[in-house]
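The structure appears below as structure tokens.
No experiment lies behind these values; they were computed from the predicted model shown.
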Amino acid sequence: MIETKLRERTCEAVKTLYGHELNPGAVGLEKTNREITGDFTIVVFPLLKLSRKSPEATATEIGTFLQQHMPEIESFHVIKGFLNLVLSDHFWMKFLSKNMVNPDFGFLKSRHERPVVLEYSSPNTNKPLHLGHIRNNLLGFSLAEILKANGHKVIKVNLVNDRGIHICKSMLAYMKWGNNETPGTTGLKGDHLIGKYYVLFNKNYKTEVHDLIEKGLTEEEAERQAPLIVEAQEILLKWEAKDPETVDLWKRMNGWAYDGFDVTYRRLGVDFDHIYYESETYLLGKYLVMGGLEQGVLVQKEDGSIWADLKDEGLDEKLLLRADGTSVYMTQDLGTAQLRFDDYHPSSMIYVVGNEQNYHFDVLKKVLARFGKEYSEHILHLSYGMVELPQGKMKSREGTVVDADDLMDEMYQTAEETTRELGKANELSDDDAAGLFKTIGMGALKYFILKVDPKKNMLFDPAESIDFNGNTGPFMQYTYARIQSLLARAGSAGYLWEDAVLPVQTPLLPLEKEAIKRLYQFQETIITAGDELSPAIVANYLFDLAKGFNQFYQELPVLKEADQQKVLLRIWISRFTGDIIKKSMKLLGIEVPERM
RNA sequence: GGCCCCGUAGUUCAAUGGAUAGAACGGAAGUUUCCUAAACUUUAAAUAUAGGUUCGAUUCCUAUCGGGGCUACCA
């Protein structure tokens, strides 16, 4: 890439002119601001210590050196300490003709032997997926695509939290009030049926706690002594003891949940290479904990419970095994990490998990380190922000969530209404129309979620439906569809643009050059997004690309241009742009329609 | 109480320590005998407060104020 060359030559300039060694990474190279002439800018302020000259003089000297040693540089000018470099049209034309037919443009060659294991989704089988899970799933899937584009081998794994006290709560409520109803008898999606009982448990539990407090118990006592929670704990004990009846019900109810999840996953367009079940890893976790106790890195209290004491590392004591011998979340996560490492020997293990679990992952890494597991250093928690509603946080227990299936239904409906209003579905068959509504609706939803920096909390207001205009998924899709329509017209007008050869000497108009520059930036976008683990970087790039193209398309005629070379050039730019929009959208897991 | 994260236009989001803080939606005003107006153009509007470090701070540090999370023998 030209950036590398610019950095290296700048170092040479500093060496030749001022006699100092400079690390290429230390060169302040950036894209030139929009209002200023130039393609790349070198900030020379940090170099003044070496040059011992004024900013202007330093920039001018380096600029002169670069121009002499790099044919790609056509001219330069200096504003204060900013050295603005203008690359030649020839450079941009060469880039365009070399890469526009390269299907792998922007993607890095595989360069890693060991894979990356990427965990995302991680549902609990006691309730259906909600908007928070949607963010998780979309982030996970998109990150996998981005890492692959960076040349990594990615194993997508899902860890199903299929056991634990929370599952027992749903089971207990079902046993008490379920009347043997099933997804079949109720017509409810399996995960929704189970969610109903989870909410029911919590409602009744709350009442019990309330009553006990009335009778004079403290809140803590009431929460621990309420009959429902005591019963749920008994069920967990029975389950860990493999009581046949308990295990049967557990299997039946989890089966319903899986059926429901499958439908949601398929609709979201996400998938996994390997599914781990907590019920299959918690025993390994227990084993590790017992081993840690023998090693002397854990402590056992009088009641038999086992803890990690992390106080000397700035954390607290953490329970790893309950007094009754049953395991907790951390227990199974220790086992899962070990199993995953044994299965794949990955170079890193990335966990896409919400930032409310930052502490959990701190502890996980530290405990594994105490066990002497070197892979603990390669555990990476991609801690994404919560999706908040105007009223605050979503709570499954209280049923105040934006349900994933409902939201997707709404997106489909809105897409259908809008498309019909615009009269764009008129010429489509029912099947094609339905496909288009799905593409647009899901595109709007996915882009809305992914354009936000993963680390930040984001707000979703259900009252204001997700937009289809402006910086949105449908905006990109529209730009793509319009380009396809243009290319079809070019074909029927007889332009053989696919085999055409364009003279590299063609001079470029500013809008043409800007359009090519944006295409060039696809490469660094992929790298940055991969380094930062951020689909938002791809989304921001996409908007810039599409917005800029629409401007180009508005201002300059393509097929109606008189100069035949210009027609070919602009078809090339259009076709390359369409290509990159599609690729970028794929990195986000979003489809593009050929027409809309 | 302790620990962590976040405060940018009316709203939702941008900005590797760099030039005049960008967009979108919403507001105001325009562009269709012209390659798809889900588009394009113009316009008003913001860095919570006070210090500090720096040639330069939305970005780093400290304090204050405001919001969120964690601090469970829940996951």
Side-chain angles (χ1 to χ4, degrees), chain A residues 28-30 32-36 41 43 45-46 48 55 79-82 84 122 124 126 161 163-167 169 220 223-224 229 233 278 303 305 307 314-316 319-324 326-330 332-333 354-360 362 383 385-386 388 392-393 396-397 415 418-419 421-422 424 440 444 448 451-453 455-461 464 467-479 481-490 493 528 531-532 536 539-540 543-544 546-547 550-551 553-561 570-571 574 595-596:
Chain A
L29 179 72
E30 14 188 281
T32 304
N33 281 9
R34 206 181 340 191
E35 306 81 14
I36 293 164
T41 296
V43 185
F45 289 112
L48 302 184
I79 304 175
K80 291 185 279 182
F82 300 96
N84 299 303
S122 321
N124 293 336
N126 63 332
N161 294 293
R163 60 155 293 284
I165 190 78
H166 55 303
I167 312 288
K169 291 176 183 176
E220 203 180 317
E223 281 175 359
R224 211 175 314 141
I229 195 70
Q233 277 159 355
E278 193 187 314
D303 63 4
S305 58
W307 300 71
L315 302 178
D316 215 333
L319 176 84
L320 299 181
L321 222 45
R322 292 191 185 101
D324 65 8
T326 58
S327 54
V328 292
Y329 178 44
M330 184 62 74
Q332 66 79 21
D333 237 14
N355 63 13
E356 56 193 351
Q357 292 191 32
N358 287 353
Y359 185 72
H360 172 82
D362 265 2
S383 161
M386 300 288 98
E388 286 162 2
K393 205 187 169 191
S396 297
R397 257 173 294 180
T418 312
T419 307
E421 269 171 33
L422 291 168
K424 302 215 177 198
I440 295 174
F448 177 84
K451 76 173 174 185
V452 182
D453 182 343
K455 292 189 181 63
K456 294 194 176 171
N457 287 5
M458 63 180 292
L459 191 108
F460 175 76
D461 187 350
E464 290 178 35
D467 237 299
F468 284 38
N469 297 323
N471 188 0
T472 66
F475 178 91
M476 316 304 155
Q477 293 173 325
Y478 175 73
T479 307
R482 210 157 62 159
I483 289 172
Q484 299 320 300
S485 157
L486 179 77
L487 294 179
R489 280 175 186 272
T528 314
D531 289 347
E532 311 264 319
N540 287 342
F543 182 58
D544 193 48
K547 177 91 185 156
N550 284 338
Q551 204 176 76
Y553 184 81
Q554 184 82 17
E555 300 291 328
L556 300 175
V558 178
L559 301 176
K560 300 195 165 142
E561 165 66 39
R570 290 175 195 169
I571 292 176
S574 304
R595 56 179 293 188
M596 72 181 270

Query raised in the report: Looking across every strand, which nucleic acid part, if any, lies under 4.0 Å from A:Leu487 by heavy atom: base, sugar-phosphate, or nothing?
Result: nothing
Query raised in the report: Parallel, tilted or perpendicular: which fits the ring planes of A:Phe543 and A:Phe475, with parallel below 30° and perpendicular above 60°?
Result: tilted
Query raised in the report: With sugar-phosphate meaning primed atoms plus P, OP1 and OP2, does A:Ile165 contact a base, only sugar-phosphate, or nothing at under 4.0 Å between heavy atoms?
Result: sugar-phosphate
Query raised in the report: Among B:A38, B:C13, B:A39, which is the nearest nucleotide to the side chain of A:Leu459?
Result: B:C13
Query raised in the report: Within the structure shown, what part of the strands sits under 4.0 Å from A:Glu464 by heavy-atom distance: base, sugar-phosphate, or nothing?
Result: nothing
Query - Between B:C6 and B:G10 - P atom distance, rounded Å - result: 23 Å
Report summary line: Picking from B:A38, B:A75, B:U12, the nucleotide nearest the side-chain atoms of A:Lys424 would be B:A38
Query - B:U11 and B:U49, which share atom name P, separated by this distance in whole Å - result: 15 Å
Query raised in the report: Would you say B:U41 has OP1 or OP2 under 4.0 Å from some side-chain N or O of A:Lys547?
Result: yes
Query raised in the report: Any side-chain N or O of A:Arg570 less than 4.0 Å from the OP1 or OP2 oxygen of B:C35?
Result: no
Report task. Using the C1' atom on both, measure B:A46 against B:U12 and round to a whole Å. Result -> 14 Å
Query raised in the report: Using atom C1' of each nucleotide, how far apart are B:G66 and B:G18 to the nearest Å?
Result: 30 Å
Report task. May I ask you to evaluate whether A:Lys80 reaches the phosphate of B:G18, defined as a side-chain N or O under 4.0 Å from OP1 or OP2? Result -> no
Query raised in the report: Looking at the side chain of A:Arg482, which of B:C73, B:A37, B:A38 is the nearest nucleotide?
Result: B:A37
Report task. Would you mind classifying the nucleic acid contact of A:Asp467 as base, sugar-phosphate or nothing, using non-hydrogen atoms under 4.0 angstrom? Result -> sugar-phosphate
Report summary line: In whole angstroms, the gap separating P of B:G26 from CG of A:Asp461 amounts to 15 Å
Report task. Would you mind classifying the nucleic acid contact of A:Thr419 as base, sugar-phosphate or nothing, using non-hydrogen atoms under 4.0 angstrom? Result -> base
Query raised in the report: Between B:C73, B:C74, B:G22, which nucleotide has the shortest distance from any of its atoms to the side chain of A:Arg34?
Result: B:G22
Report task. Measure the distance from CD on A:Glu356 to C1' on B:C70 and round it to the nearest whole Å. Result -> 9 Å
Report task. Taking only the side-chain nitrogens and oxygens of A:Asn469, find out if one of them lies under 4.0 Å from OP1 or OP2 of B:A39. Result -> yes
Report task. Quick one: label A:Val43 by what it contacts on the DNA or RNA (base, sugar-phosphate, nothing), any heavy atom closer than 4.0 Å. Result -> base
Query raised in the report: Considering only side-chain heavy atoms of A:Asp316, which listed nucleotide, B:A75, B:U16, B:U71, is closest?
Result: B:U71
Query raised in the report: Is the closest side-chain heavy-atom distance between A:Gln477 and A:Phe468 below 4.5 Å?
Result: no
**Report entry** Candidates B:C40, B:U41, B:C74 - which lies nearest the side chain of A:Gln551
**Finding:** B:U41
Query - Nearest listed nucleotide, side chain of A:Pro46, among B:A23, B:G18, B:C40 - result: B:G18
